[in-house]
Each structure stands twice: as C-alpha cells, then as structure tokens.
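No hydrogens, no waters, no symmetry mates; every other heavy atom, side chains included, goes into these values. Residue numbering restarts at 1 for every chain, and letters A, B, ... go by the order of the sequence lines.
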There are 2 protein chains.
Amino acid sequence: MAYRKTPAEIRRLEAAREHLVVCATEVVADVGWAQASVTAVADAAGIAAGSVYQHFSSKSALAVEVFRRAAQREVDVLGEVLEGDGDPADRLRRGVEVFARRALENHGLAYALLAAPAEPAVGAERLAFRRRYRALFASVIEEGVAGDQLPLQEPEITAAALTGAIGEVLVHPLSTSAAEDADLLVSGLTSVALRCAGAAP
Amino acid sequence: MAYRKTPAEIRRLEAAREHLVVCATEVVADVGWAQASVTAVADAAGIAAGSVYQHFSSKSALAVEVFRRAAQREVDVLGEVLEGDGDPADRLRRGVEVFARRALENHGLAYALLAAPAEPAVGAERLAFRRRYRALFASVIEEGVAGDQLPLQEPEITAAALTGAIGEVLVHPLSTSAAEDADLLVSGLTSVALRCAGAAP
DNA sequence: GGAACATCTGAATGATGGTTCACTTCTTAC
DNA sequence: GTAAGAAGTGAACCATCATTCAGATGTTCC
C-alpha cells in the first residue's frame, strides 16, 4: 500500500478532464468535428494524444461528451423560458429569441451543434437532443391549444417544424457569413415561429 | 489507325456510366453515404472497384453526381408546382404536399438528400440545393405578399424556415421509422407550412 | 487472323488518423 | 530517500478505404 490517490490528486484529474472537454469544445467550435482530430484536441489542451485516453475510452466518447455538455446548456436555457410564466405564445416568442441570440453569439458552436458533419455517435446524440427541443416546443404549443390561445393543430408536427425552421434560418447565415443584421434576423425568425404556431401577430 | 470508338461503343460506355450512377444512388438510399464505399457501389453495379475510375475521377465526383441527379429531380418537381398557376398560397400548399409525398415514398433517398451525414463535397452540394429550394419558396411568398394574399414578411426568412421545417418534419419519421400515418403527416405539414407563410386557413 | 488500342480487373499501394504501449515522469506512503 | 504504483508521453501500430497500375480481356479495322 504505497500509493493511494489523495483528494487533491483526484481533483487535479477531474480538472484535467474538464480542461480537456473545454478545449475540445473550443476546437470543435473553431474548426468543426471533422478537423478536430485527437492530436489537434490534445495539442489545444496542452497534453499528449495518448493522454486523452486517460479520460475517455475513445475519441467518440469525448466527442459525445463535448456535444452533450454544450447541447444540454441550450436545452436548459430554452426550457427555462418555455416552461416559465406567461402566455404560451409569448413564451414561445421569448424562447425563440433567446435561442437565436445565443446561437448568433456563438456561431461556431451553434453550427457544430445544429448541423456540422459529425461522426455517427455525435449524429445520434444530435437526434436525441432534437427530440428534446421538439418536446419542449410541443408542450408549450399543446398548452396554447388547450387554452385557446393557439389554433387547433398537431403539436408534435408544429414542434418539429419549429425545430427545423429555427435551425435552418440560423445555420445558413452561420455557415456562410455573419448575419448582416442580427436584430432583423431575430425579429424575422420570431415572427415566422409565431405564425408557424398560429399565434396572432 | 486500327481502333476508333464506334457509336455503339460510346453508347455502351455511357450506359455503363448511367448504370453506375443509378446503382450508386440505390446503395446510398439503402445504406447512406458513409457506408457507400467505392467497393460497395462497384459491387452493386457489377463492376470492379477500379472501373469506377473509368467514369469518375474520384469517389467524391461520383457522390456529387448522385446527389445532383436526385436533388435536381426534386427541385424540378417542386419548381413545376410552385411556379405553376393559381393562388400563391395554394401553390405553396401543393408544393409542400408533393414534396412530402415524394420524400415519404422514398425514405432512404430523401434522408440521404436532406440530412444523412456525408463527405464535404456532398455537404456543399446539399447547401447549394437548399438555397435553390429557398429561392423557389421565397419567390412564391414574395408574390403572395405583393398580391396581398400573404401578410408582410421577410420572404427569405420564411423561405428558409419552410425549408428547414419541411426537412425536419420529414426527416425525423424517415430516420426513425415509417410515418405512422402518411396522410396525417402530410396534412399536418401543409398546415404548418401555410401558417408559417401567414396564409389564412 | 492479327495489329493497335481501349476497357476492365483486383490485388498492391498509400494516406489518414485513431489507438496502443514501452518508457519516462510524477505522487504517495513509509 | 526509496519503493510502489499511477499518470503522461509520443512514436509505432493498425484498420480503413480511396486510388493506382500491370496485366487480362475486348473491340476495331484491315
């Protein structure tokens, strides 16, 4: 019994793992999944390629962790607004606005989360998170329909449409160039989203 | 001068190329871009891997050709309807309906065109075609706005939203399982699309 | 038939990039 | 200080495919 991890050592390891995830996220936001090789990520974190495998069993596992962390933050923020107080239509408007602003503020990451080509494991995760966005939208819409603030509709379909619409509107400016005018884009997007759900203007 | 391609030989070569593209399209529709290796495609076409390079300079070039052919058909069909006769809102409804029905009828290909992970060259092509869908939608909407059949809006944004919404609604059932009820899905989708553009129900 | 040239073949080649591992460096416990 | 064992290193390894090319097979024309 000549060696045992001391609490400080455990913390140091956790911090190293954390640092790796943060750096990997930056790399992915900067250059996309395809260019984020193990070597590139390790370099960014200031460690050797082999050391990545101290923290993750494979590159995929790291990529999935990066995706989950970032995507979860967005789900949390969106959920906060959509499940908050107020008229369903107004919550929807604010949700879309918040989502869009955050995406525009962080092009690279938003593109990586929403659309950038990625390995299968990340693709699967993306699908899962899209379902979660959809579920959030669906319940606001359902509520609005139940309370007669929104017209009769299939909430699941509208929710899917919203998810796709928001993604597309944001991703195209994101992938090509910065939006010419973010405010215009956001107000245009919220308008479409509200119409999509049948909310009166 | 002991050998010269005879017209029949030229036709045979063109037919071989055509056959290759068709088979490659089937493979892609069945297993996706990632699994459509040169060997798999060549096997499907009944030729050797090396022979692919008689017709295309690279795998990417073949993939792009496959994508273009299939995507162009959809653009043509959609354009036909959207630029046809009638009320802009009604054309939009019919356009969405036709697009959706075709996609549902050919899950695999639709998924490959709209969303399946693909190499960069195909991704670029996909982007280009999305812009074309967008342009088609934008001009119907612009027309509708000009003629007061649709409320004032940013046609480009609505068009992008429509493209994304339609893709998302179709792709999720497509990637997971067959739509439970295609008619319900299509009518739900056309309704959202019309609301999206602000067309009265 | 056979000379000249093209297409077709498929195993060998090569590039890419994730993963491993023998070795070094650091930490703990005594 | 030193033994025991963990973390860190990075060059070697390996799997996957796209691509090539020397030889085999077809086609044209006289």
Side-chain angles (χ1 to χ4, degrees), chain A residues 1-21 23-24 27-28 31-67 116-123, chain B residues 1-21 23-24 27-28 31-67 116-123:
Chain A
M1 197 240 276
Y3 180 95
R4 174 153 310 183
K5 271 180 205 163
T6 193
E9 188 64 1
I10 292 175
R11 254 181 284 120
R12 191 184 62 78
L13 282 174
E14 273 170 12
R17 185 189 147 108
E18 187 64 24
H19 182 237
L20 175 56
V21 171
C23 291
V27 172
V28 167
V31 302
W33 300 101
Q35 306 293 317
S37 65
V38 171
T39 312
V41 165
D43 283 356
I47 61 176
S51 301
V52 168
Y53 293 83
Q54 296 281 339
H55 303 291
F56 294 94
S57 65
S58 69
K59 184 198 155 126
S60 281
L62 169 56
V64 165
E65 177 80 14
V66 165
F67 187 96
E119 63 208 287
V122 170
Chain B
M1 195 241 276
Y3 181 95
R4 174 153 310 185
K5 271 180 204 164
T6 193
E9 187 65 2
I10 291 174
R11 254 181 283 118
R12 192 185 63 78
L13 282 173
E14 272 171 10
R17 186 189 145 109
E18 187 64 25
H19 182 237
L20 175 56
V21 172
C23 291
V27 172
V28 167
V31 302
W33 301 100
Q35 306 292 316
S37 64
V38 171
T39 311
V41 165
D43 283 356
I47 62 176
S51 301
V52 168
Y53 294 84
Q54 296 281 336
H55 303 290
F56 294 94
S57 65
S58 69
K59 182 196 156 128
S60 281
L62 168 56
V64 165
E65 176 79 14
V66 165
F67 188 95
E119 64 208 287
V122 170

*Stepwise side-chain contact (heavy atoms from CB on, under 4.5 Å) check, Arg17(A) with Leu13(A)*: CA-CA 6 Å; Arg17(A) 185 189 147 108; Leu13(A) 282 174; over 6 Å; no

*After noting the C-alpha distance and the side-chain angles of Glu65(B) and His55(B), does the key distance pass the side-chain contact (heavy atoms from CB on, under 4.5 Å) rule?*
CA-CA 11 Å; Glu65(B) 176 79 14; His55(B) 303 290; over 6 Å; no

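Rounded to whole Å, the distance from CD1 on Ile10(B) to P on dA6(C) is 13 Å. Atom CZ of Phe56(B) and atom P of dT19(D) are 13 Å apart (whole Å). When the P atom of dC13(D) is taken as reference, atom OH of Tyr53(A) falls 17 Å away, rounded to whole Å. Residue Ile47(A) contributes atom CD1, which lies 9 Å from atom C1' of dG8(D) at whole-angstrom precision. Rounded to a whole Å, the CZ atom of Arg11(B) is 18 Å from the C1' atom of dT7(C). When the P atom of dT16(D) is taken as reference, atom CD of Glu119(B) falls 19 Å away, rounded to whole Å. The distance from atom CG of Leu62(B) to atom C1' of dT19(D) is 14 Å, rounded to the nearest whole Å. Computed from coordinates, the Gln54(B) CD to dT7(C) P distance equals 6 Å when rounded to whole Å.
For the pair Trp33(A) and Val66(A), the minimum side-chain heavy-atom distance is below 4.5 Å. The side-chain heavy atoms of Phe56(A) and Val38(A), taken from C-beta on, include no pair separated by under 4.5 Å. Residues Leu62(B) and Lys59(B) have side chains not in contact (no heavy-atom distance under 4.5 Å, counting atoms from C-beta outward).
Between Ala45(A) and His19(A), the closest heavy-atom pair is O-CE1, 3.2 Å. Taking every heavy atom of both residues into account, Ala24(B) and Val41(B) meet most closely at CB-CG1, 3.7 Å. Closest non-hydrogen pair, Ala36(A) versus Val31(A), comes out as N-CG2, 4.2 Å.
Distance from the side chain of Val38(B) is smallest for dT19(D) among the nucleotides dT19(D), dG10(D), dC8(C). Among the nucleotides dT19(C), dA18(D), dC8(C), the one closest to the side chain of Lys59(B) is dA18(D).
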Polar atom pairs (N or O), protein with nucleotides 21-25 of chain D, under 3.5 Å:
none

Every protein N/O lying under 3.5 Å from an N/O of nucleotides 23-27 of chain C:
none

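Among the heavy atoms of the strands lying under 4.0 Å from Ser37(A) are primed sugar atoms or P, OP1, OP2 only; no base atom is included.
Residues Ala49(B) and Leu13(B) both approach DNA chain C. Their nearest nucleotides, taken by heavy-atom distance, put Leu13(B) toward the 5′ side.
Ion pairing between Glu9(B) and Arg12(B) holds under the 4.0 Å rule for side-chain N and carboxylate O.
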